[in-house]
Visitor: 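Okay, handing you the structure first.
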Amino acid sequence: VSGVAAQGRSGLEDEIDETWLSAGLVESVNTESAGSTEADKIAADAVSFIGIPYVSGGVSPEEGFDCSGLAYYVYRKRGYDMPRTALEQFYNGRKIGIESLKKGDLVFFQVYGSGGLVPDFVANKITEYVKTAPTHIGIYVGGGKFVHAPRPGKTVKYASLKNRFWQSHFIGARRYL
């Protein structure tokens, strides 16, 4: 983890990250490896910002990130044109199924009740209600994990797509690579 990303991290967060890496639950990616793909680099960039504080509207490691600001920054750092908001990112990416996820893909969730209906809404099989527009986003990094900026008072961190909360709020994935 970079020196900037390490600011504000607790020893427990570092220990959890190392445990996940050693258990194979997430993959460590070297962004400077000659064989690294763009997807590897996007995933590694996202991981490098673990520990950066959540800031509403934040789009840089210096000021902090919100969820869509993290994706915006990571993709633009690598020269990709990326919309700024979760809704724009959801509508502009290429739709993919969860079974097709690859490193660097964006995963979208409807966590709050403020979104409007999207044209291609999905029925949630667990709670059987209609999904609405995305209110949260993460960057898939492999091994069933994604990196996201959760909410005020938290920092950028890993989460698992196998977690029941994220499964029940998942509304889709998009590919930009």
Side-chain angles (χ1 to χ4, degrees), residues 4-5 29 31 37-125 127 129-142 144-161 163 165-177:
V4 173
V29 179
T31 59
T37 66
E38 280 299 298
D40 289 334
K41 292 173 185 177
I42 294 287
D45 287 347
V47 168
S48 76
F49 296 121
I50 288 175
I52 299 292
Y54 176 97
V55 173
S56 181
V59 294
S60 75
E62 294 78 24
E63 67 180 309
F65 293 110
D66 66 14
C67 62
S68 58
L70 175 63
Y72 175 81
Y73 182 86
V74 167
Y75 269 81
R76 291 184 68 92
K77 176 182 174 191
R78 294 285 169 192
Y80 292 93
D81 188 27
M82 171 65 66
R84 170 60 186 95
T85 68
L87 186 61
E88 293 170 318
Q89 292 166 355
F90 186 73
Y91 281 123
N92 288 291
R94 187 177 61 216
K95 184 178 180 178
I96 57 167
I98 195 167
E99 70 285 349
S100 300
L101 281 173
K102 294 182 179 178
K103 290 179 186 177
D105 289 340
L106 303 182
V107 288
F108 293 87
F109 308 90
Q110 201 288 312
V111 182
Y112 314 108
S114 61
L117 288 178
V118 296
D120 219 1
F121 67 86
V122 179
N124 181 318
K125 293 182 174 103
T127 58
Y129 66 88
V130 175
K131 293 295 190 180
T132 58
T135 57
H136 192 66
I137 176 179
I139 301 170
Y140 187 71
V141 295
K145 300 288 183 189
F146 63 97
V147 171
H148 68 130
R151 65 182 182 272
K154 300 292 182 181
T155 62
V156 174
K157 65 181 188 173
Y158 287 113
S160 173
L161 287 172
N163 176 286
F165 176 83
W166 295 115
Q167 286 180 349
S168 69
H169 291 85
F170 180 80
I171 63 169
R174 299 294 185 263
R175 183 165 293 153
Y176 276 83
L177 298 176

Visitor: Side-chain contact, heavy-atom cut-off 4.5 Å: Ile171 with Phe108?
Guide: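 Contact flag for Ile171/Phe108 side chains = yes.
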Visitor: Any side-chain heavy atom of Tyr176 within less than 4.5 Å of one from Tyr75?
Guide: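 When only atoms from C-beta onward are counted, Tyr75 and Tyr176 do touch, with a gap below 4.5 Å.
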Visitor: Testing the basics here: between Phe109 and Gly138, what is the closest heavy-atom pair and its distance to 0.1 Å?
Guide: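 Nearest pair, atom of Phe109 first, then Gly138: CE1-N, 4.5 Å.
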Visitor: Evaluate the criterion side chain to side chain contact (heavy atoms under 4.5 Å, CB included) for residue pair Asp105 and Arg175; output intermediate values, then yes/no.
Guide: CA-CA 5 Å; Asp105 289 340; Arg175 183 165 293 153; 2.8 Å; yes
Visitor: Under 4.5 Å between any side-chain heavy atoms of Phe146 and Leu101, yes or no?
Guide: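 No, side chains not in contact.
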Visitor: Can you give me the closest heavy-atom contact between Ile137 and Ala71, atom names plus distance?
Guide: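 Scanning both residues, the minimum pair turns out to be CD1-CB, 4.0 Å.
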Visitor: Are Phe49 and Tyr73 close enough that their ring centers fall under 6.0 Å?
Guide: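 Here the rings of Tyr73 and Phe49 have centres that are less than 6.0 Å from each other.
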Visitor: Please evaluate residues Tyr80 and Val74 with respect to the criterion side chain to side chain contact (heavy atoms under 4.5 Å, CB included), reporting the C-alpha separation (whole Å), side-chain torsions for both, the decisive distance (0.1 Å), and the verdict.
Guide: CA-CA 9 Å; Tyr80 292 93; Val74 167; over 6 Å; no
Visitor: May I ask you to establish whether Arg174 and Phe90 are in a cation-pi arrangement, using a distance under 6.0 Å from NZ or CZ to the six-membered ring centre and at most 45° from the ring axis?
Guide: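 Here Arg174 passes the 6.0 Å and 45° test against Phe90.
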Visitor: Measure the shortest side-chain to side-chain distance between Ile50 and Thr155 over non-hydrogen atoms and say whether it is less than 4.5 angstrom.
Guide: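 They are not in contact (no side-chain heavy atoms under 4.5 Å apart), so the answer is no.
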Visitor: His148 versus Val107: any side-chain heavy-atom pair under 4.5 Å?
Guide: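 Not touching, per the 4.5 Å side-chain cut-off.
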Visitor: I need the minimum non-hydrogen distance between Gly104 and Ala43, along with the two atoms involved.
Guide: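 Between these two residues, the closest heavy atoms are N-CB, 4.5 Å.
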Visitor: Please name the pair of heavy atoms, one in Ala149 and one in Leu70, separated by the smallest distance, quoted to 0.1 Å.
Guide: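 Taking Ala149 first and Leu70 second, the nearest heavy atoms are N-CD2, 4.3 Å.
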Visitor: Flag yes if more than 12 heavy atoms outside Lys77 fall under 6.0 Å of its NZ atom; otherwise flag no.
Guide: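 Check passes, neighbour count above 12.
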Visitor: If you look at every heavy atom in Ser68 and Ala86, which pair is closest and at what distance?
Guide: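 Result for this residue pair: CB-N, 3.4 Å.
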Visitor: For the pair Tyr54 and Val156, evaluate side chain to side chain contact (heavy atoms under 4.5 Å, CB included) and give the outcome as yes or no after the intermediate values.
Guide: CA-CA 7 Å; Tyr54 176 97; Val156 174; over 6 Å; no
Visitor: Distance check, rounded to the nearest 0.5 Å: Ser100 atom OG versus Arg94 atom CZ?
Guide: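 Ser100 atom OG to Arg94 atom CZ measures 10.0 Å (nearest 0.5 Å).
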Visitor: Going by heavy atoms in the side chains, are Glu63 and Val59 under 4.5 Å from each other?
Guide: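 Glu63 reaches Val59 side chain to side chain.
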Visitor: Atom CZ of Phe65 and atom SG of Cys67: how far apart are they, to the nearest 0.5 Å?
Guide: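 Rounded to the nearest 0.5 Å, the CZ-SG separation comes to 12.0 Å.
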Visitor: If you take all heavy atoms of Gly142 and Lys103, which pair is closest and at what distance?
Guide: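 So the minimum-distance heavy-atom pair works out to N-CG, 4.1 Å.
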Visitor: Donor-acceptor check, side chain of Asp40 to backbone of Thr37, threshold 3.5 angstrom: yes or no?
Guide: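 Yes; at least one donor-acceptor contact below 3.5 Å.
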Visitor: If you apply the rule salt bridge (Lys or Arg N to Asp or Glu O under 4.0 Å), what do you find for Arg84 with Asp66, and how did you get there?
Guide: CA-CA 11 Å; Arg84 170 60 186 95; Asp66 66 14; 2.9 Å; yes
Visitor: So Val147 and Tyr140, do their side chains get closer than 4.5 Å, heavy atoms only?
Guide: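 Tyr140 vs Val147: side chains apart.
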Visitor: Quick one about His169 and His136 (side-chain donor to acceptor, distance below 3.5 Å, no hydrogens or angles considered), yes or no?
Guide: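 No, His169 and His136 have no side-chain donor paired with an acceptor closer than 3.5 Å.
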Visitor: Would you give the length of the straight line joining atom CZ of Arg151 to atom OG of Ser56, rounded to the nearest 0.5 angstrom?
Guide: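 Answer rounded to 0.5 Å: 14.0 Å.
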Visitor: For Leu106 and Met82: C-alpha separation, side-chain torsions, deciding distance, then whether side chain to side chain contact (heavy atoms under 4.5 Å, CB included) applies.
Guide: CA-CA 11 Å; Leu106 303 182; Met82 171 65 66; 3.9 Å; yes
Visitor: Got a second to check how far Lys41's NZ is from Leu177's CG, nearest 0.5 Å?
Guide: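 Result: 11.5 Å between the selected atoms.
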